[in-house]
Structures are given as C-alpha cells and as structure tokens.
2 protein chains.
Amino acid sequence: MSKRTEKTIVDIAEELQLSVSTVSRALNDHPNISARTKERVKKVAKKIGYRPNALAAGLRNNKSKTIGLIVPRISMFFPATISTIIQNKLQEFGYNLIICQSNDSYEQEVALANTLYSARVDGLVVSTTLYTTDFAHFDIFRNNNIPLVFFDRVPKDYNVKVIKGDDYRGGYVATTHLVEKGCKDIVHISGPLTCCLYSDRVAGYKAALQEHGLPSKKNRIFYQELTRENAWQTCEKIFGQQPYPDGIFASNDTTAITIIEYCRKMHLRVPEDVKIVGYSNDPRTEIVTPSISSVDQYPAMMGERVVAVLMELINGRQSAEPRYSQEIIPIQLIERQSSAGKSKTGKKKLTLS
Amino acid sequence: MSKRTEKTIVDIAEELQLSVSTVSRALNDHPNISARTKERVKKVAKKIGYRPNALAAGLRNNKSKTIGLIVPRISMFFPATISTIIQNKLQEFGYNLIICQSNDSYEQEVALANTLYSARVDGLVVSTTLYTTDFAHFDIFRNNNIPLVFFDRVPKDYNVKVIKGDDYRGGYVATTHLVEKGCKDIVHISGPLTCCLYSDRVAGYKAALQEHGLPSKKNRIFYQELTRENAWQTCEKIFGQQPYPDGIFASNDTTAITIIEYCRKMHLRVPEDVKIVGYSNDPRTEIVTPSISSVDQYPAMMGERVVAVLMELINGRQSAEPRYSQEIIPIQLIERQSSAGKSKTGKKKLTLS
DNA sequence: TAATTTAATGCAAACGTTTGCAATAATCCA
DNA sequence: TGGATTATTGCAAACGTTTGCATTAAATTA
C-alpha cells in the first residue's frame, strides 16, 4: 500500500547500528562476521522484508547471475524441451534464464543478442535462425569473454563451443532403415541448406543410398522451410506424377505428420504403399495413426550438456579462449508403424552412435 | 580477444572531450543537446562498440525494462502459445521478458517470485501452480506497486488484475454439446479443485446437465492432475464396470487424447459408443484419429490482453491501486469427429460468448 | 554594444551493492 | 599484566548510468 517501501541494506544497518559493509557480509555469510551478528542481521532482514537488489549487486560485481537463451520458437517440441531442461538445471546453479524467441527472423536474433548483452548476461546459449549465416552479432560476447554456447542449429566456421546432434548419422540411419524395410525409391524432404543441420542429414541420406547401391537423384530431394503448408504442397508435387516413391524421409515431424494426413486423404496406405520416417521424436508422432517412426535426439542429454559446458566456461575451468569445439549428442531411431514391413535384417530396433 | 573491453559512456566522453552527462543525454535524444553533438556522440559510440549497461541504468532509474513471467511449464500448448504472444508483443514496447517455469511446484513458484523481484522486474505476469492457494509470495509486488497480472490459472480472493477464459461457459458448452449429440451419461474428468479454473468448468458441466434434466452423480466426476498416466488409470476405472458412459468431457486435451488411445485399445468406438470433448484446442486434437472436439480458449487474444493491461498499469493509466478486476476471454467449441453423431438441433457449430 | 533571453553543456550526487584496507575489539600466551 | 595475535567491524571507493541545478556560450533584442 505505502509508496516508498523498498528496503535496503542501509535500513538494516541503521536498525542494528551496524555499518552497511558488515550487513552485506553478514547476508553473504562472509567468514569473518560473527555468528551472532549474522543471525541478528538476517532476522531484521526478514522482519522488514528486505530483498536484495540484483541490479545493484550485478553492477558492482559485473555479473548478473543471469543467462540468456535465444531459440527460434518455444512452441516447437525440441527447443521447448531443451529450454525447460536448461532452465531447471541452471536453477540448481543459482542462475536464472531469459528465454527469448527469434521467431526464425535474423533481424530479431540480432536485436535479441544486443539486448541480452545490455542486460549483461553472464552467458549466452543460442540455437540460430534457419537463415543465420553471418554471426557478427555474437562478436561482442566473444570479444568480452562472455561464455557463448550454441546447440542444435549451430554455426559453421565460427570459433565457439558447439553442441549438436549427430545429424549425419541421423540421416544415414533413417535412410538405411527405409532401405532395409524394402524401399527402393526414397524421397527426402529437407530444411534449407543454410542450416548445417540439414546439410548433414542430406549427406547421411546420400551416403546410405550409395552404400546400398541406390541412386540419389536431385529431384528426389526437396529443400524448404519445414512447415505444414510447405509439406502439403510438396506432397502434391511428389504424388502429382508417377512414379510414386515408396519411402519418405522427412527432416522434421511436422512434415512427417502432414504426409500422413495427405496420404490418408489420397487413400495411399502407410506403410504398405509408402513408408515414412520423421525427425526429432516429437510426442505427436505417437498419437497419430499410423504412428510415425522418428529419430530421437535426446533433448534432455543435450540440454544437460549445454549447461555443463556453460558452467565450465563460467567457472573458468575450460579455456575461455574462444576456440571451436564440437560435441556430438547421439541419436536413436524409434521404429513405429509408419515404416513397418518386411525387414531384411529382422532387427527390431536400430540403435546407433 | 582483449581482456578489458567494456566500453562505457565515459570512454565516449573522453574521446570527444565532453562531459558524461552530455553524452548520456545525447544518446537518449534529450531535447537540449545540439544535433551536431548527438551525431558526433552516436558516431563514436558505434565506432568503439559501446553497449549501454542496462544494470546501471536500471539501478539509477529504478526500472529494468524487464517483465517476469511465471507459468507452470512451457512444454504445454496453452502456456507456450501465450508466452510467445506476450514476448513478441512486449518487444514492441521495448520490454523484454524473463520466462520462468514453476513446473507446477509451489515451492519453485515462491522462489521464482523472489528472484524476479530481486531482478527488479517492472511487472509480473503469472499463471499459477495447480496447488497455489496461498498468494503471499506476491505481496511484495502488490505492496511496492509493481504491476501484477494473472491469467488462466488465477487466484480467487486476491486483490489483483485477472484475465481468464470463460471456464464456466466452456464447461457448459462442452456438456450441452454432448447432450445435444444424444449422450445421457456424461463423465467429467476434471483437474484438482484447488484451481478455480476447474471448479468453474465443473459448475458449467453441472448446470448443463441439470438444464437438460440429467442427473449429475458424484461418481461420474473425477478430480486429478491431468496427466497421461492419470488419464489412463481413470479410463480403467470408468470402463472397469458397467454401465459405460456414452460421453466424456475431459478438462484438457492430453486427457482426451489418452481416452481415445484407451478406447482404440479396448475396441470401443469413438464417437459411436462414447463421445469425447477436450479442452484447450491443442493442435494435437486435429491429428489424432478420430480428431477430437475441443474448447478453444483464444490464447492469442488472452496474451494480447495481458500485455495491454500490463502496459496500462505500467504507464499509470489504470489505477495502480491493487484492486480486483477480472476480464473474461470468450471460448468457442470446435466440433470434430470425436463427438459427431445425430444432433437434436442440427446446428453445425456451437459458438458462444 | 550592452543587456537579456535562450540554447547547450558541465558538476556532482544518487541508485544499492561489494570489497580492499584500516581500525578496533577480543583473545591468547608468556 | 602487557604485548602480540586473531577475530570483528567500519570507512570509503567503485560499478555505469541519469538528472536537478548551475554554468557557460550563443543568439536575440533594445
């Protein structure tokens, strides 16, 4: 109700006839403050409802105990899961997290990087826009030795810590699986190649085809932002003319789900006529009919590694020298109905890496 | 690379032989600084890579240009969507958002409220835990006139701005719809009554039954945290003994989806044997087979209203006096296959409020 | 040209902490 | 009991801004 209620450390000092420095140390459990004083200080602190001003402390200490996170969007399964993990994990270390969404816009990403720097975050975690190829907006962080960790959608040729999934292997495993289930003509729907993630998966896809003596034709790969609308259009292209493919490897699950819906509408049987594998193991793959095989990326593990690396950087255990270092998180193919069928190998689960 | 690079306003002042106050005003486009000076200042600011220190400014101004948001979890459709809207909308006003998750834990919610206060956020937006019935941890905000807005899961009897969906009507509309489709024995699976949201929906459910001359029996309402596991168990209870219900109104979509899965496994036909309506219009309701009727809550509208109210409070246009004020966002039933069937009324869409 | 108004800039305090160093109080040992 | 050591506490500066007020420079007027 009252207008001027902000209690500060000096209010405590006055009430107890102590100096502010003593109060400050008492609150921070500094070793050479007597137990009695600490107790008294903490008691009145509680009594008058004192709350530390993190801005003041941050200014003085030159650290905010805050980490910034930039992701394309939190409405997508994978970044959402990772964000949650990161936030909860970070909490254990006494840091809190500013989650920001770039909405896959390069301009927004730049703006966010700047405001997060202004907020003097103690570290920055980023999964970039689909279209980020210039990383100069992160230079301020590098130049000032502020820990910088990228995950999932990571830069190429930018000296920085990187944690990513095993996308090459993911593409390889998914494609091999389809081949082993009998597919001879496999379409791949990929994201834009500006994002290294997708180029790795494409490479894996091509390698698997080659290894099994199947041709990889240019017109069997589609590059597009992996939205529902684009997926539908691409389906119309794919099934607009013969021959139909007998397998589709989609680089995300939204696309895979849309393919299922398209096939249902067009009376194409999945998996009998065409087999489908998606990517990310979004929980939605389990509730559609037929359920969709998908490549799991272990988001929990990735989130935990992000925090671990970040903490090492902050605590100076790792060289703060901005040097490229890449950590690969394994993947695992989860087989479901959408790719069921006669198997050459008879293996039930294809786990790798 | 260099160790000490943090450029400040005094670096600019020195370079231009100006006072820091002039530089500060120049950067903030203060009216009585000459255009020439502003230009010169901004030029070297850019040249030396100056970035304002938001901590220092915040300390001095007693405002951080930052808003706090506490939601149960961002992996759920509804809070995720609203968080996105709020963040993007807030950006337009020059505020940034600290998104925090309570994980539906009361203790975490308390801790988060405290750290956000310490961070001196200029406003706080909250959707509470399922179990929050004591709101004392928000008192600091109220007492210091820091704008406080609750949405969706809101407190009862706590003087504060509240924006919520029309849950009573939602319960009423969903139930009425099932009745009109011919259901005579409708089970309701509700969340815990500690959350006013659910009690409102239950009230709507009961009112609809009564209005159509149907009895509302105690043992046809289940109260539980609306998880997948609980939903499955409850299904086993419901269909563990005769008579089976012919309609189920579930208070969230995860539950509705699980019911569908259960029915499929048990060879119960939806909607022929039992009709189902969920809540929130999660996009997943559209991809399962059969697709699920659900109550849409207009998350975008709610998010926008939250920001609008918050901005009014911050700009002092609304009375900062912490007085209860409730705003109701309409709902709309989206009919899908899970509740299809003969309709008494023949109406195609039941839109209300 | 001098007096007056207006425009532009500078001084210094303040925001709430933390911390190196100095100072005081308490304890120990001979 | 006095001198030395150790345990507590206090002083004051610093972190990077912003802003009320004072000051100076420029423009206007008589």
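The structure displayed is predicted, hence computed values, not measured ones. Letters A, B, ... are given to chains in the order of the sequence lines, protein chains preceding strands, and every chain is numbered from 1. The analysis underlying the following values was restricted to heavy atoms, covering all of them including side chains, and did not include hydrogens, waters or symmetry mates.
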For a quick test of reading the model: is some side-chain N or O of A/Asn28 closer than 4.0 Å to OP1 or OP2 of C/dT18? yes

Rounding to an integer number of Å, can you tell me how far A/Leu27 CG sits from C/dT19 C1'? 15 Å

Would you mind reading off the distance between A/Asn61 atom CG and D/dC15 atom C1', rounded to a whole angstrom? 9 Å

Scan A/Asp104, A/Thr132, A/Thr129, A/Thr128 and name whichever one has a side chain to side chain donor-acceptor pair (under 3.5 Å) with A/Arg153. A/Asp104

Using a 4.5 Å cut-off on heavy atoms from C-beta on, say whether the side chain of B/Ile67 contacts that of B/Val125. yes

Centre of B/Tyr95's six-membered ring, under 6.0 Å away, within 45 degrees of the axis: is that where NZ or CZ of B/Lys65 sits? yes

If the condition is ring pair (Phe, Tyr, Trp, His ring centres under 6.0 Å), which residues does B/His137 pass it with, not counting sequence neighbours? B/Tyr106

Expressed as a whole number of angstroms, how long is the span from A/Lys63:NZ to C/dT17:C1'? 14 Å

Between P of C/dT19 and CG of A/Leu59, the distance in whole Å: 13 Å

OP1 or OP2 of C/dT17 less than 4.0 angstrom from a side-chain nitrogen or oxygen of A/Ser24, does that happen here? no

Under a 4.5 Å cut-off applied to non-hydrogen side-chain atoms, are A/Thr66 and A/Asp122 in contact? no

Counting distance only, does the side-chain N/O of A/Thr81 pair as donor-acceptor with the main-chain N or O of A/Phe77 below 3.5 Å? yes

Pairs under 3.5 Å (Watson-Crick or G-U), crossing ones as [ ], inter-strand ones as |: DNA chain C comes out as ||||||||||||||||||||||||||||||

Contact letters for nucleotides 6-13 of chain C, in which S counts primed atoms plus P, OP1 and OP2 and B counts the base, heavy atoms under 4.0 Å: --BBBB-B

May I have the distance from A/Arg51 (atom CZ) to C/dT17 (atom P), rounded to whole angstrom? 13 Å

Using whole Å, report how far CG of A/Leu16 lies from P of D/dT8. 17 Å

Can you confirm whether B/Phe151 sits close enough to B/Met302 that some side-chain heavy atom of one is under 4.5 Å from a side-chain heavy atom of the other? yes

Once you round to the nearest 0.5 Å, how far does CZ of B/Phe78 lie from OG of B/Ser127? 8.0 Å

Decide side chain to side chain donor-acceptor pair (under 3.5 Å) for B/Glu6 and A/Asn144; before the verdict, give the C-alpha distance in whole Å, the side-chain angles of both, and the deciding distance to 0.1 Å. CA-CA 7 Å; B/Glu6 294 267 292; A/Asn144 291 61; 3.3 Å; yes

Measure from CZ on B/Arg36 to P on D/dA26 and round the result to the nearest Å. 11 Å

Round to a whole Å and report the spacing from CZ of A/Arg120 to C1' of C/dT17. 17 Å

